[in-house]
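This report refers to the structure that appears directly beneath it.
Proteins get letters first, then strands, A, B, ... in listed order; numbering begins at 1 in each. All of these numbers come straight from a predicted model, not from anything done at the bench.
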Protein chains: 2
Amino acid sequence: MQFKVLLVDDEQDILDLLKYNLEKEGFVVETASNGRLAVQAFESFQPQLILMDVMMPEMDGMEACREIRDLPQGSNVIIAFLTARNEDYSQMAGFESGGDDYIAKPIKPRILVSKVKAWLKRWEQKADQAIAEVSTGGLVIDKEKYLVTNNGEVFNLPKKEFELLALLVSAPGRVFTREYILNAVWGNDVIVGDRTIDVHIRKLREKLGEELFKTIKGVGYKFEP
Amino acid sequence: MQFKVLLVDDEQDILDLLKYNLEKEGFVVETASNGRLAVQAFESFQPQLILMDVMMPEMDGMEACREIRDLPQGSNVIIAFLTARNEDYSQMAGFESGGDDYIAKPIKPRILVSKVKAWLKRWEQKADQAIAEVSTGGLVIDKEKYLVTNNGEVFNLPKKEFELLALLVSAPGRVFTREYILNAVWGNDVIVGDRTIDVHIRKLREKLGEELFKTIKGVGYKFEP
DNA sequence: AATCAGGGTTAAGGCAATATTAACGAAATT
DNA sequence: AATTTCGTTAATATTGCCTTAACCCTGATT
């Protein structure tokens, strides 16, 4: 697998140093010089790992971290902070905003590379788990093949229906608000009416069974086997 | 969800500017001109976020922050300070008194709005996690699944009933005034008659047990296992 | 005993939220 | 190019929650 790493720092020297060392190890590397650009780069580049400075102009690392986490694909990337020192507080704050780990400056190339490898190994494990196959009740969702099997019967759901189903099934019993569903399935920026969700729910109920999808008025929907 | 923001500053100009920009984004905004008023406003308005100047007459921001944190609901609000400059020390002091974050003056509307959105998103996550499951006596409230279990029996309460129950159970034994309940469950702006609360209490008593909800005449209600 | 204040109870109507259906444009498929 | 499929919306129906009005009950006050 070809791993992609996004480096974010406002000092060009550091970017160059890290980029050189990581590319030498076979990673694909892109860089961004502030938080706002990082968010953009994440969307287009879709890296598995982001190495980001905490302190930056325009938009700081914590802020960028939160924004990325809120994107549809943002929950799978690993975000690690470059901290200027052993500033305990900046570390804490970084984790609070959804960062996974940190590495202290000054950065030694060998340590960096070994940490990066460890992070990417972790990412692989997480990804395997997450995508492999979700199954609840008589329902099996194969994300790889984009197939849904319900008590032996195989369905070939369209994209939106599939994603909505996968979301609901990812946490059986849990109520997902309409707002949350819109963010997760359609994305933060897309504007669609509320009735769109209803219609997709209806199709799922039609195909898989009316009783599986429960409406919580004023709140949202949940899946229950 | 309708988010409420409380602005606290002694300069009317700043209040006006911030209020205008936040209301344009759909937030409900109230203002206070010093720390003492801020504490009062917090109690009646119950915002999710407080933006507060550090330096103010009467009672300064840090002092107000501490007082608010000591109130029953004070641990859930996010408090952010408006700092006059990059005065690192005032920032540190702000954190020590219980502040969550800060924003530096001069304030640019766009940055303000994006920060406010990020804070409120964080608040939502925290609120979801924190209150996910409350349990007292034989009663379990699962906010995630929107389910209430009483001694094994499962109930599927409508929204208002559920929220009223969750509020009362959040502090067993504590008396909630009618006014407070109206603010917390219905919102500050909604106008409903007093009998509405009675009816919802009645439904809860009916479903979960008469004895669990005690009336304090002339004051309000409390939950007691 | 009469009055009053505060709360309890019930049922019905209004209304907001959701369900349903059909239809349209865009994209994919043939 | 014709056909099919998908995603969305508009329009209409339906559901069930919320609220209220009207009346009852209790205990305190006069």
Side-chain angles (χ1 to χ4, degrees), chain A residues 72 146-148 154-168 175-224, chain B residues 1-2 143 146-148 154-168 175-224:
Chain A
Y146 244 78
L147 277 183
V148 174
V154 178
F155 295 89
N156 211 326
L157 300 183
K159 197 173 167 195
K160 293 288 179 203
E161 282 172 47
F162 186 88
E163 282 171 2
L164 174 57
L165 176 66
L167 175 68
L168 294 177
V175 179
F176 293 85
T177 66
R178 284 167 174 275
E179 196 195 342
Y180 189 95
I181 292 174
L182 281 181
N183 277 345
V185 178
W186 276 265
N188 295 327
D189 37 4
V190 182
I191 302 165
V192 289
D194 261 8
R195 299 280 69 63
T196 300
I197 298 180
D198 305 18
V199 174
H200 285 270
I201 287 283
R202 182 166 171 296
K203 287 174 182 165
L204 288 177
R205 291 212 250 240
E206 221 167 42
K207 291 171 182 170
L208 302 172
E210 298 284 338
E211 68 289 351
L212 289 177
F213 305 91
K214 196 154 192 183
T215 304
I216 316 292
K217 257 208 172 187
V219 186
Y221 296 94
K222 67 176 168 181
F223 168 83
E224 229 162 13
Chain B
M1 166 134 199
Q2 184 74 289
K143 263 202 163 166
Y146 242 80
L147 279 182
V148 174
V154 177
F155 296 90
N156 211 324
L157 302 183
K159 198 176 170 192
K160 294 285 180 205
E161 282 172 47
F162 188 90
E163 284 172 359
L164 173 57
L165 176 67
L167 175 67
L168 294 178
V175 181
F176 292 86
T177 66
R178 284 167 173 274
E179 192 198 343
Y180 190 93
I181 292 174
L182 281 181
N183 277 344
V185 177
W186 276 265
N188 302 329
D189 35 4
V190 183
I191 302 165
V192 290
D194 260 9
R195 296 280 69 65
T196 299
I197 297 180
D198 304 16
V199 172
H200 284 274
I201 287 283
R202 164 122 215 323
K203 287 175 182 163
L204 288 177
R205 292 212 249 240
E206 219 168 43
K207 290 172 182 170
L208 302 173
E210 299 286 338
E211 68 290 352
L212 289 176
F213 306 90
K214 201 156 190 179
T215 305
I216 315 295
K217 266 209 167 186
V219 187
Y221 296 95
K222 69 174 170 179
F223 168 83
E224 230 160 13

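Between the C1' atom of D/dC18 and the CG atom of B/L157 lies a distance of 15 Å, rounded to the nearest Å. One can place CZ of A/R195 at 11 Å from C1' of C/dT20, the figure rounded to the nearest angstrom. For the pair A/F155 CZ and D/dT5 C1', the computed distance is 17 Å after rounding to whole Å. Computed from coordinates, the B/K214 NZ to C/dG8 P distance equals 13 Å when rounded to whole Å. Between the C1' atom of D/dT19 and the NZ atom of B/K159 lies a distance of 15 Å, rounded to the nearest Å. Taking atom CG of B/L164 as the reference point, atom C1' of D/dT19 lies 15 Å away to the nearest angstrom. Distance B/E161 CD to D/dC18 P: 7 Å, rounded to the nearest Å. Between B/K207 atom NZ and D/dC17 atom P there is a gap of 7 Å when expressed in whole angstrom units.
Here CZ of A/F223 is found 12.0 Å from CG of A/L167. Values are rounded to the nearest 0.5 Å.
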Which is it for A/L165 and A/E161 under the side-chain contact (heavy atoms from CB on, under 4.5 Å) test, yes or no, and what are the steps along the way?
CA-CA 6 Å; A/L165 176 66; A/E161 282 172 47; over 6 Å; no
Going through the distances and angles, do A/I201 and A/L168 end up as a side-chain contact (heavy atoms from CB on, under 4.5 Å)?
CA-CA 10 Å; A/I201 287 283; A/L168 294 177; 4.0 Å; yes
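Mapping A/E206 and A/D194 onto DNA chain C by nearest heavy atom places A/D194 at the nucleotide closer to the 5' end.
Note on B/Y221: only backbone sugar-phosphate atoms sit closer than 4.0 angstrom, heavy atoms only; bases stay farther off. Counting non-hydrogen atoms under 4.0 angstrom, B/T215 reaches the backbone sugars and phosphates but no base.
One finds a side-chain N or O of A/W186 lying less than 4.0 angstrom from the OP1 or OP2 phosphate oxygen of D/dT8. Remark: B/R178 is not in phosphate contact with C/dG6, judged by side-chain N or O atoms under 4.0 Å from OP1 or OP2. At D/dC18, none of the side-chain N or O atoms of B/T196 fall inside 4.0 Å of OP1 or OP2 (strictly under the cut-off).
Checked against C/dT18, D/dC6, D/dT9, the side chain of A/P158 finds its nearest nucleotide in D/dC6. Nearest nucleotide to the side chain of B/K160, out of D/dG7, D/dC18, C/dA19: D/dC18. Side-chain atoms of A/V192 lie closest to D/dT8 of the nucleotides C/dA19, D/dC18, D/dT8. Residue B/K217 places its side chain closer to D/dT26 than to any other of C/dA19, D/dT26, D/dT19.
Annotation: side chain of B/K203 is not in contact with side chain of B/L164 (no heavy-atom distance under 4.5 Å). A/N156 places a side-chain heavy atom less than 4.5 Å from the side chain of A/L147. Residues A/L182 and A/D194 are in side-chain contact: their nearest non-hydrogen atoms beyond the backbone lie under 4.5 Å apart.
Taking a 4.0 Å limit (strictly below) on heavy-atom distances, residues 197-205 of chain B reaches DNA chain C at B/D198, B/V199, B/R202, B/R205.
In this structure, A/Y146 and A/F162 have parallel ring planes: the angle between them is below the 30° cut-off, well short of the 60° mark.
A salt bridge does not link B/D198 to B/R205: none of the charged nitrogens lies less than 4.0 Å from a carboxylate oxygen.
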